[in-house]
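Here the structure is laid out as structure tokens; the discussion comes afterwards.
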Amino acid sequence: MLEKIIRLDKEYYMNTFGDRLPVYFERGEGLKLFDDKGNAYYDFLGGIAVNSLGHGHKTFISALKAQLDKVIHTSSLYYIENQARLAQKIAENTCAERVFFANSGAEANEGAFKLAKIYHYKKGNERYEIISLDKSFHGRTLAAVAATGQEKYQKPYHPLTPGFKQVKPNDFDALLEAVTDKTAAIMIELIQGESGVYPMDKEYVEKLRALCDEKDIVLIFDEVQTGMGRTGRLFAHQLYGVEPDIFTSAKALGGGIPIGAVCACKKVCDAFEPGDHGTTFGGNPFATSAGLAVFDIYEKERLVENAEKIGAYFINVLNALKDKMADKIVEIRGAGLLIGIQIKDEIAKNVSARLFEDGFLVSLCGGNTIRIAPPLIINENDVDLFVNELKKVLEECYNERLN
Ligand SMILES: *Cc1c(COP(=O)(O)O)cnc(C)c1O
């Protein structure tokens, strides 16, 4: 069956993902995914920081089924109960005053760019520049690509959407130099996920906030990956104690059902007025029922607290392993359950391949960093299981290299 699926994929699917890992999953349960032969894989990537509830969560599925029985989609012409309630949930738990729903992270970021620009437009300011960071990732739509500070994503799409530029992360002077009287917004990830799990310094983020206040620049945090409990707080800006003017969410927000959100705090929350933005699918009754169920389950199972506790344990255990294997592990980075394990370049690829062969799902990012972003339901035993496996694989890969 796998061979047939691969054949169909090669023939009919656009080849944007190249050779994928040779597996497909038929079902999941908690931390585990099962392939067509019944082999179990431990999902330490959570569908790239999406499946925070794990797989096959009974309460979640019941909520989705209940909504399917009622209504799936009605359009934005009518009021939508779940949409209003999910916006309320986000607002009550963050600095956001108003929320707009999209269908993905990139689309949420597009909404954030538009909101920042229209905020200035309505004040009569001619400001259009948006500054972001090198090594960032903001999505694959054209403006999001223009904001994504990685050559490999931008190169084929020149000329890029104008007005975007990138500066070195964690370098306040570089940022100061890039700011002009045309700067509308600055967008950053508090922890850069896709490029290898690189956290921003607290001091840098605080200075950024002060600068944006002083110059009336809109500060945007892309929390598509760091949001929804991932870092041990509902959103990572709560970990930093710095409030943005806009933050975006997606990935874990729908527990696997596609949804994104543009969350606007005080300064900009009224800039969008009727007709200024819109969507067909965004925040429809089904997608927002998923978001509501995610919030519900987070509260009942205390998953944000669990992410903080297990994340701290995970990072501790990994640091202890690093101390023992300093010749193989370079650095452990991250917060909560978004963790990067930087491996010595020469074995990184083999380590990630071997983890997969042994039934552990992770992703290699930035060339040498193993990113883990497991479901927030994991416990200390799961962590021990992973770290023992990692230790074994590191030793094997290292020894093979020597031989
Ligand atoms: C994944 C991601 C995106 C893009 O989200 P999509 O849903 O794939 O469009 C944007 N920003 C960050 C930080 C991400 O991790």
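All ligand and atom numbering here is 1-based and tracks the order in the structure. Below, all heavy atoms of this structure are taken into account, side chains as well, without hydrogens, waters or symmetry copies. Please read these numbers as outputs of a predicted model, since none were measured by experiment. Starting from 1, each residue takes its place in the sequence as its number.
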**Message:** Would you say atom 9 (O) of ligand 1 makes contact with the protein, given that contact here means a non-hydrogen protein atom less than 4.0 Å away?
**Reply:** yes

**Message:** Distance under 4.0 Å to a non-hydrogen atom of S104: what atoms of ligand 1 satisfy this?
**Reply:** 7 (O), 9 (O)

**Prompt:** Where does the angle between the aromatic ring planes of H73 and F281 fall among parallel (under 30°), tilted (30 to 60°) and perpendicular (over 60°)?
**Reply:** perpendicular

**Asked** Ion pair present between E203 and K207, side-chain N to carboxylate O less than 4.0 angstrom?
**Response** yes

**Asked** If you measure every N/O of Q225 against every N/O of ligand 1, is any gap under 3.5 Å?
**Response** yes

**Prompt:** ligand 1 and A106, any nitrogen or oxygen pair closer than 3.5 angstrom?
**Reply:** yes

**Prompt:** With a 4.0 Å cut-off, would you call K89 and E299 a salt bridge?
**Reply:** yes

**Item:** Pairwise distance CD1(I72) to CG(L64) - rounded to 0.5 angstrom
**Value:** 11.0 Å

**Request:** Starting from atom 1 (C) of ligand 1, locate the nearest protein heavy atom and write down its residue, its atom name and how far away it is, to 0.1 Å.
**Result:** K251 NZ, 1.5 Å

**Verdict with supporting geometry, Y128 and T183, side-chain hydrogen bond (donor to acceptor under 3.5 Å, both in side chains)** = CA-CA 6 Å; Y128 47 83; T183 304; over 6 Å; no

**Message:** Going by side-chain contact (heavy atoms from CB on, under 4.5 Å), F101 matches just one of L86, I80, N82. Which one?
**Reply:** L86

**Between OG on residue S62 and CD on residue Q67, distance to nearest 0.5 Å** = 13.0 Å

**Message:** Closer than 4.0 Å to some heavy atom of N109 - which atoms of ligand 1 meet that?
**Reply:** 10 (C), 11 (N)

**Prompt:** Hey, does A250 come in under 3.5 Å of ligand 1, counting only N/O atoms on both sides?
**Reply:** no

**Asked** Looking only at heavy atoms of H138, does any of them come nearer than 4.0 Å to an atom of ligand 1?
**Response** yes

**Request:** Give the atoms of ligand 1, by number and element, whose distance to some non-hydrogen atom of G139 is under 4.0 Å.
**Result:** 4 (C), 10 (C)

**Prompt:** Cation over ring, K202 on Y240, under 6.0 Å and within 45°?
**Reply:** no

**Prompt:** Can you check whether F137 has an N/O within less than 3.5 Å of an N/O in ligand 1?
**Reply:** yes

**Request:** Would you mind checking which non-hydrogen protein atom is closest to atom 7 (O) of ligand 1, with the distance to 0.1 Å?
**Result:** G105 N, 2.8 Å

**Which of the ligand 1 atoms, numbered from 1, are nearer than 4.0 Å to a heavy atom of E189** = 13 (C)

**Prompt:** Name the one of K328, K391, R354 that satisfies salt bridge (Lys or Arg N to Asp or Glu O under 4.0 Å) with E396?
**Reply:** R354

**Request:** Looking only at distances, please establish whether an N/O atom of ligand 1 is found under 3.5 Å from an N/O atom of D222.
**Result:** yes

**Request:** Record the part of E194 in heavy-atom contact with ligand 1 below 4.0 Å; permitted values are side chain, backbone, both and neither.
**Result:** neither

